[in-house]
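Accompanying notes for the structure given below.
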Amino acid sequence: MQKDTQHLPKLVVILGPTASGKTGLSLTLAKKFNGEIISADSRQIFKKMNIGTAKPKGEWRWNGLRKTFFVEDIPHHLIDFLDPGKVFTVAEFRDKALKYTKMAYQAGRVPIIVGGTGLYISSVVDNYIIPRVNQNPKLRASLSEKSNEELLALLENLDPEAVKIIDVANQRRIIRALEVCILSGERFSKQRKKGDELFNVLQIGIDISREDLYRRINERTEKMMEDGLLGEAQSLLKQKYGWNLSSMNS
RNA sequence: GGUACGGUAGCCAAGUGGUAAGGCAGAGGUCUGCAAAACCUCUAUUCGCGGGUUCGAUUCCCGCCCGUACCU
């Protein structure tokens with residue numbers, strides 16, 4: 001059912017695969033319509049990882065009372081701000097992204113969400129209500145010693161509904177459901193919801209043929225090597241960021 | 001030239017006289033606190049080539065081609 005979203009604040013969303021030209025398009029639109037960019041890229045959030053993530057070149061400048069990353073004079077949010085040793089999650093993305101859209105409206109500007117991380121985008125476009133339970137490494141570790149069958153048995157006890165809605169072969173999902181139930185004392189299936197739409201969304205998908213895309217990715221990779229991808233990787237390794245960090249998966 | 005070992009999917013690789021494990025890559029799909037992730041499904045009518053033995057060979061035998069190591 002198509003809900004009437006005309007009265008809602010406007011939000012532009014640009015999504016597409018790697019190297020499809022999102023960055024270029026977003027800058028053009030932002031300049032034309034007084035926009036402000038919110039990056040939805042699970043890799044470009046990290047500092048010190050510039051070449052490998054194809055992060056657009058920019059600089060941190062004072063923007064009113066806060067420092068902001070500017071690319072060609074367009075403010076960018078949720079980019080180049082996190083230490084590569086840290087973990088970042090959808091929930092945090094959603095909270096921050098919503099905050100930045102609000103700030104953009106207050107400044108009379110149009111927020112433009114740009115990125116390749118689909119889940120991040122749907123978390124705000126589809127307004128996911130994500131259970132507010134932080135991840136608990138100890139609990140996760142102890143649960144992950146059990147088999148999926150044992151975990152499912154536990155979950156069946158705590159929240160039978162959850163067993164029906166999650167991927168029962170995916171241990172990560174079972175553990176998260178258990179984590180939410182155990183730590184909050186409430187059912188995971190009750191907390192995981194989709195809220196009403198928050199924005200009048202203009203979604204722009206970038207369509208590109210597979211051949212063109214592969215060609216562009218190859219060109220980009222060569223460019224990365226020229227720009228010193230290896231050097232960047234080595235310097236990160238030297239700073240004791242191991243290959244096992246989620247940020248190093250590129 | 002001789003001896004030894006090897007030649008299995010795009011790559012790596014197991015295997016058996018009875019009709020081809022697995023991993024990676026690739027394709028498709030799922031997704032609510034790790035999403036460039038995790039999970040699910042699919043992907044060799046065929047085992048270097050040609051003969052032979054056999055009911056049946058990728059597996060045994062013979063020849064050839066190619067690779068690697070060592071020897072003269």
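Letters A, B, ... are given to chains in the order of the sequence lines, protein chains preceding strands, and every chain is numbered from 1.
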Rounded to whole angstroms, how far apart are [atom1] on [X] and [atom2] on [N]?
X	N	atom1	atom2	result
Leu143(A)	C34(B)	CG	P	14 Å
Lys193(A)	C31(B)	NZ	P	20 Å
Gln135(A)	A37(B)	CD	C1'	13 Å
Leu213(A)	A27(B)	CG	P	10 Å
Arg94(A)	C31(B)	CZ	C1'	17 Å
Ile130(A)	C31(B)	CD1	C1'	12 Å

Using atom [atom1] of each nucleotide, how far apart are [N] and [M] to the nearest Å?
N	M	atom1	result
G50(B)	C42(B)	P	32 Å
A25(B)	G1(B)	C1'	42 Å
C71(B)	G10(B)	P	36 Å
C24(B)	C64(B)	C1'	34 Å
U72(B)	C49(B)	P	35 Å
C12(B)	C65(B)	P	24 Å
G63(B)	U53(B)	C1'	15 Å
C5(B)	C39(B)	P	41 Å

Query raised in the report: Is the distance from OP1 or OP2 of U32(B) to the nearest side-chain N or O of Arg173(A) less than 4.0 Å?
Result: yes

Query raised in the report: Quick one: is A38(B) close enough that its OP1 or OP2 comes under 4.0 Å of any side-chain N or O from Arg172(A)?
Result: no

Query raised in the report: Does a side chain donor of either Ser184(A) or Gln191(A) reach within less than 3.5 Å of an acceptor in the other side chain?
Result: yes

[X] near the nucleic acid: base, sugar-phosphate alone, or nothing, with a heavy-atom cut-off under 4.0 Å?
X	value
Thr117(A)	sugar-phosphate
Tyr120(A)	sugar-phosphate
Ile166(A)	nothing
Val133(A)	base
Glu92(A)	base

Query - Within-4.5 Å side-chain heavy-atom neighbours: Asp80(A) and Trp60(A) - result: yes

Query raised in the report: Would you say Asp41(A) and Lys22(A) make side-chain contact, with heavy atoms under 4.5 Å?
Result: no

Query - Pairwise 5' ranking along RNA chain B for Asp167(A) and Ala91(A), keeping only the more 5' one - result: Ala91(A)

Report summary line: Between Ala169(A) and Asn127(A), whichever has its closest RNA chain B nucleotide further toward 5' is Asn127(A)

Can you figure out which of [options] approaches the side chain of [X] most closely?
X	options	value
Asn170(A)	C39(B), A35(B), C34(B)	C39(B)
Arg192(A)	G33(B), U32(B), A35(B)	U32(B)
Tyr214(A)	G26(B), A35(B), C40(B)	G26(B)

Query raised in the report: Could you state the interatomic distance from CD (Gln203(A)) to CD1 (Ile121(A)), rounded to the nearest 0.5 Å?
Result: 7.0 Å

Query raised in the report: If you look only at pairs with a residue in residues 136-145 of chain A, which of them pass as a side chain to side chain donor-acceptor pair (under 3.5 Å), with sequence neighbours excluded?
Result: Arg140(A)-Glu179(A)

Query raised in the report: Hey, does the side chain of Glu36(A) reach the backbone of Pro75(A) with a donor-acceptor pair shorter than 3.5 angstrom?
Result: no

Query raised in the report: Checking Asn50(A) side chain against Lys55(A) main chain: does a donor-acceptor pair fall under 3.5 Å?
Result: no

Report summary line: Every stem of 3 or more Watson-Crick or G-U pairs under 3.5 Å that RNA chain B joins, in order of first number, is B:1-7 with B:65-71, B:10-12 with B:22-24, B:26-30 with B:38-42, B:48-52 with B:60-64

Requested in this report: On the 0 to 90° scale, with breaks at 30° and 60°, tag the Tyr100(A)-His77(A) ring pair as parallel, tilted or perpendicular.
Outcome: parallel

Report task. Hey, can you tell me if Phe93(A) and Tyr120(A) have their rings parallel, tilted or perpendicular (30° and 60° cut-offs)? Result -> parallel

